[in-house]
Amino acid sequence: MYLDITLKIVVGLVTLLLVIRLLGKKELSQMTPFDLIYLILLGSFLEEAMFDQKISILQVLYAVALWGMLIYFIEKMVMKSEWLKKLLKGEASDLVVNGKVSIRELKKNHMEMEQLRTLLRSQGYFSLHDVEQATLETNGTLSVLPKAEGAPVTPAMLNITASENQPTYLLIDEGKVDGDELKRAGKSKEWLLSELKKEGIVCADSIFYAEWSGNKGFYIVPYKE
């Protein structure tokens, strides 16, 4: 019995990972309700089969393989048919257009104003005065376009040529030098120790956190301020 349960768990885990791969590289927040139903139903299949001795491993494999093929087929059909995509995946809704709230779209999506305000606050907008357009995406998130006067100033607006951002490397974490990060940065441990001496730091053990980037240099947090 224990061997049977073990095999079912292993088979279930492998097949679950395969089905997740069929859905593509999506974060949980990017999945539509239909994508989540795939996984929930698959999980219920595996749960039912796990402790039912009347269900064999071959039956589990068949059920999961059939379910996986159906998901794959539906995903391919959705990619080819815009009508089917809207039916199964839904479509984005413009809740705010030209600074005005669309009551029709709110009712269509069964939303109240307070829910819209909550989503706006989560994006950093505390007043509808600052919003030019807000779109409810198919995964339930809200994309917001601010009004021009509320948008942040960019270097292009001021005719300033800004230097390009460069990646940041965590070279020291809780007193330990990260050799892999040094390699990624194209630096050596000798270089790091030499640079730390310029900052008045004798050894890496006294540093809680140290990051470095080519254009901004070091940001160091010592254990003792």
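Below, all heavy atoms of this structure are taken into account, side chains as well, without hydrogens, waters or symmetry copies.
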Enquirer: Run Leu142 and Thr135 through side-chain contact (heavy atoms from CB on, under 4.5 Å) and show every step you take.
Expert: CA-CA 6 Å; Leu142 192 70; Thr135 302; 5.8 Å; no

Enquirer: So, for Thr168 and Ser213, which heavy atoms are closest and what is the spacing to 0.1 Å?
Expert: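 Nearest heavy atoms, Thr168 then Ser213: OG1-CB, 3.9 Å.
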
Enquirer: Got a donor-acceptor contact below 3.5 angstrom from the Ser127 side chain to the His129 backbone?
Expert: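 Side chain of Ser127 to backbone of His129: a pair is present.
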
Enquirer: Does Arg121, at its CZ atom, have more than 12 non-hydrogen atoms belonging to other residues, nucleotides or ligands within less than 6.0 Å?
Expert: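 More than 12 within 6.0 Å, yes.
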
Enquirer: Can we say Glu132 and Lys100 salt-bridge, meaning some charged N sits less than 4.0 Å from an Asp/Glu carboxylate O?
Expert: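 No, no charged N to carboxylate O under 4.0 Å.
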
Enquirer: Spell out, as yes or no, whether a donor-acceptor pair under 3.5 Å connects the side chain of Gln133 to the backbone of Val97.
Expert: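 Not confirmed, Gln133 side chain does not pair with Val97 backbone.
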
Enquirer: Treating Ile, Leu, Val, Met, Phe, Trp and Tyr as nodes and any side-chain heavy-atom pair under 4.5 angstrom as an edge, say whether Met113 and Leu119 lie in one connected cluster.
Expert: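 Cluster IDs for Met113 and Leu119 match.
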
Enquirer: Nearest heavy-atom pair of Tyr223 and Gly175: which atoms, and what distance?
Expert: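 In this case the closest contact between Tyr223 and Gly175 is OH-N, 3.8 Å.
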
Enquirer: Establish whether Tyr219 and Phe208 are linked, either directly or via other cluster members, by ILVMFWY side-chain heavy-atom contacts under 4.5 Å.
Expert: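 Same cluster.
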
Enquirer: Using only atom types and a distance under 3.5 Å, with no angle test, would you say the side chain of Thr118 pairs donor to acceptor with the backbone of Glu114?
Expert: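 At least one qualifying donor-acceptor pair exists.
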
Enquirer: Not counting sequence neighbours, list each pair that qualifies as a ring pair (Phe, Tyr, Trp, His ring centres under 6.0 Å) and has a residue in residues 175-204.
Expert: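 Of all non-adjacent pairs touching residues 175-204, those that pass ring pair (Phe, Tyr, Trp, His ring centres under 6.0 Å) are Trp191-Trp212, Trp191-Phe218.
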
Enquirer: Taking all heavy atoms of Val177 and all of Lys189, pick out the closest pair and write down the distance.
Expert: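 That would be CG2-CE, 4.4 Å.
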
Enquirer: Is the backbone of Gly186 close enough, under 3.5 Å, to the side chain of Tyr169 for a donor and an acceptor to pair up by distance?
Expert: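 No; zero donor-acceptor contacts below 3.5 Å.
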
Enquirer: Has Asn109 got a side-chain atom pairing as donor or acceptor with Met111's backbone, closer than 3.5 angstrom?
Expert: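 Judged by distance alone, no pair lies under 3.5 Å.
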
Enquirer: How many angstroms lie between CG in Leu136 and OG1 in Thr141, if you round to the nearest 0.5 Å?
Expert: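 The CG atom of Leu136 sits 7.5 Å away from the OG1 atom of Thr141.
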
Enquirer: Ignoring hydrogens, what is the shortest heavy-atom contact between Lys147 and Gly99? Give both atom names and the distance.
Expert: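 Between these two residues, the closest heavy atoms are CE-CA, 4.2 Å.
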
Enquirer: Can you name the residues that form a side chain to side chain donor-acceptor pair (under 3.5 Å) with Tyr209, not counting sequence neighbours?
Expert: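 Listed in chain order: Glu211.
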
Enquirer: Under a 4.5 Å side-chain heavy-atom rule over Ile, Leu, Val, Met, Phe, Trp and Tyr, are Tyr62 and Leu70 clustered together?
Expert: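 Same cluster: Tyr62 reaches Leu70 through Ile, Leu, Val, Met, Phe, Trp or Tyr contacts under 4.5 Å.
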
Enquirer: Got a donor-acceptor contact below 3.5 angstrom from the Gln115 side chain to the Glu112 backbone?
Expert: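 A pair under 3.5 Å: yes.
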
